[in-house]
Amino acid sequence: MRRIKLIVQMLVAFIIATLAFSIFYEPHQESVRAQVKRQLSWVKQTASEVQGKKSTAASVETTTSATVPTGQLKITLLDVGQADAILLQDGKRNIMIDVGDSRKDKLGYGGRQALARSLAAAGVREGVDRINTVIITHHHGDHLGNIKWMAGKYRISNIYDNAMPNLNNMTSSWLNTELRAGHYHNRVLQAGDRVDFDKGYYLEVLAPGDFIPKAEYKNLNNTSIVMKLHYGSFTMLLTGDAEAPVEDLLQQRYGSALKADVLKVGHHGSRTSSIWRFVHEVKPKYALISCGPFEIYHHPNKDVLGRLEHLGARVLSTFDHGNIVVTTDGKKFSVATEK
């Protein structure tokens, strides 16, 4: 009888142990395996990205398939001090995203002369060459300050904006009046819009949009038009001065679709932007910052630099490197600097 009771107890113990193994151990084992796979994938990706960034001018392969345009696109982050001005040249047209500030800072950097010099260095001459389209990301002086002067000097036809003027800025008021009166061909850009330039070459507009609470727009930086540039398989994320609240909403809304080869860092590398979750989704190989001397605004912020570098980006700034030129054929890209 005791022997039978012992055998029954052993069988019950075995059944309980088997159930416990099935319920607790095996699922945990699978989650560990999945975590290891994710870590290995991340390590391989990081190693590949680092290998592609040994030299500033090294060629880097893009990672997605897309319609490849003919010819090359040159993207120049212009050295205009504490301001933003980006030039796109595809051999057929010149396009600008923001046009810098008309004023120099207190140390004498930037201003209209800096923009004219940087454009000339990129091959766009004042009074000779034409800039077909300008997109103003938002109505702050360091992004639209030169627009009135440029409209005449470079024969601009198309000016796109967010239709959210800065009532405290005379240039913004002038531009808003001109655009709303139809003196230039205008599009008001919002999330979901697309600006096509050629086959396989377009801008995808990600913000502003209804997913951003209107209260955030009290800060004009958060009205910035955020766009993803596509040229074949090459992508670049252009963020204007969008700050942390908008970046967080963007990463929630778009997730891994934010991934881009190059990031134009928001708000001149300020601590108000470039939050971890956002940069982690973008996963840029290069992070480009348009800024003036550190002494004035303390841009770029050291924590932002550390975050970008920790997440695998090679960081370059216009103050340190002058004009920063990204060249792509839609399959691979290279980055070169003026100094």
Side-chain angles (χ1 to χ4, degrees), residues 56-57 72-138 140-156 158-159 171 175 227 229 236 238-241 262-269 286-297 299-300 315-328 333-339:
T56 303
Q72 289 190 329
L73 175 66
K74 187 166 75 169
I75 307 155
T76 306
L77 198 68
L78 299 168
D79 180 14
V80 290
Q82 189 63 35
D84 263 21
I86 301 169
L87 174 68
L88 311 179
Q89 298 168 285
D90 61 11
K92 301 176 184 177
R93 61 188 76 78
N94 296 313
I95 299 157
M96 286 194 70
I97 299 165
D98 292 328
V99 294
D101 203 324
S102 61
R103 306 159 300 175
K104 293 182 179 181
D105 63 36
K106 62 184 180 182
L107 294 180
Y109 290 91
R112 186 165 297 161
Q113 293 80 4
L115 176 63
R117 183 205 68 80
S118 293
L119 281 171
V124 180
R125 299 158 295 175
E126 177 185 342
V128 177
D129 295 305
R130 183 175 188 178
I131 295 172
N132 306 77
T133 300
V134 170
I135 299 173
I136 300 297
T137 61
H138 64 295
H140 268 153
D142 58 333
H143 290 253
L144 59 67
N146 289 307
I147 188 63
K148 187 175 182 179
W149 169 76
M150 288 191 67
K153 295 290 185 180
Y154 296 92
R155 295 175 290 139
I156 297 168
N158 311 310
I159 303 177
T171 304
L175 178 61
M227 297 172 288
L229 168 65
M236 180 172 178
L238 305 156
T239 58
D241 277 353
V262 179
L263 169 67
K264 198 293 294 184
V265 176
H267 201 195
H268 318 288
Y286 281 84
L288 311 183
I289 300 174
S290 183
C291 64
F294 181 80
E295 295 87 338
I296 299 178
Y297 297 104
H299 296 162
V315 183
L316 302 171
S317 76
T318 54
F319 183 73
D320 292 322
H321 299 285
N323 281 4
I324 303 170
V325 183
V326 180
T327 305
T328 179
F333 73 94
S334 62
V335 181
T337 62
E338 188 176 27
K339 58 184 180 182

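This structure is a prediction, so every number in the text was calculated from the model and none was measured.
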Looking at D84, L78, I324, which hits side-chain contact (heavy atoms from CB on, under 4.5 Å) with S290?
D84
Donor-acceptor contact below 3.5 Å, side chain R103 vs main chain G110
no
Distance-only, no hydrogens or angles: does the N323 side chain make a donor-acceptor pair with backbone N or O of D79 under 3.5 Å?
yes
Can you list everything that forms a side chain to side chain contact (heavy atoms under 4.5 Å, CB included) with K74? Sequence neighbours excluded, please.
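Expected list: T76, Q89, V325, T327.
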Correct closest heavy-atom pair for S102 and N146 would be CA-OD1, 3.2 Å
At their closest point, which heavy atom of G145 faces which heavy atom of R112, and how far apart are they?
O-NH2, 4.2 Å
Do other residues, nucleotides or ligands put more than 12 heavy atoms under 6.0 Å from the OH atom of Y297?
no
When you compare the side chain of Y154 with that of E126, does any pair of heavy atoms fall below 4.5 Å?
yes
Relative to the ring of Y286, is the ring of F333 parallel (under 30°), tilted (30 to 60°) or perpendicular (over 60°)?
perpendicular
Quick one: sort the F319 and Y109 rings into parallel, tilted or perpendicular, breaks at 30° and 60°.
perpendicular
Determine, for K92 against D90, whether the closest basic-nitrogen to carboxylate-oxygen distance falls under 4.0 angstrom.
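No.
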Does a donor on one side chain sit under 3.5 Å from an acceptor on the other, for D241 and H140?
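On atom types as modelled, these side chains do not qualify, holding no pair under 3.5 Å.
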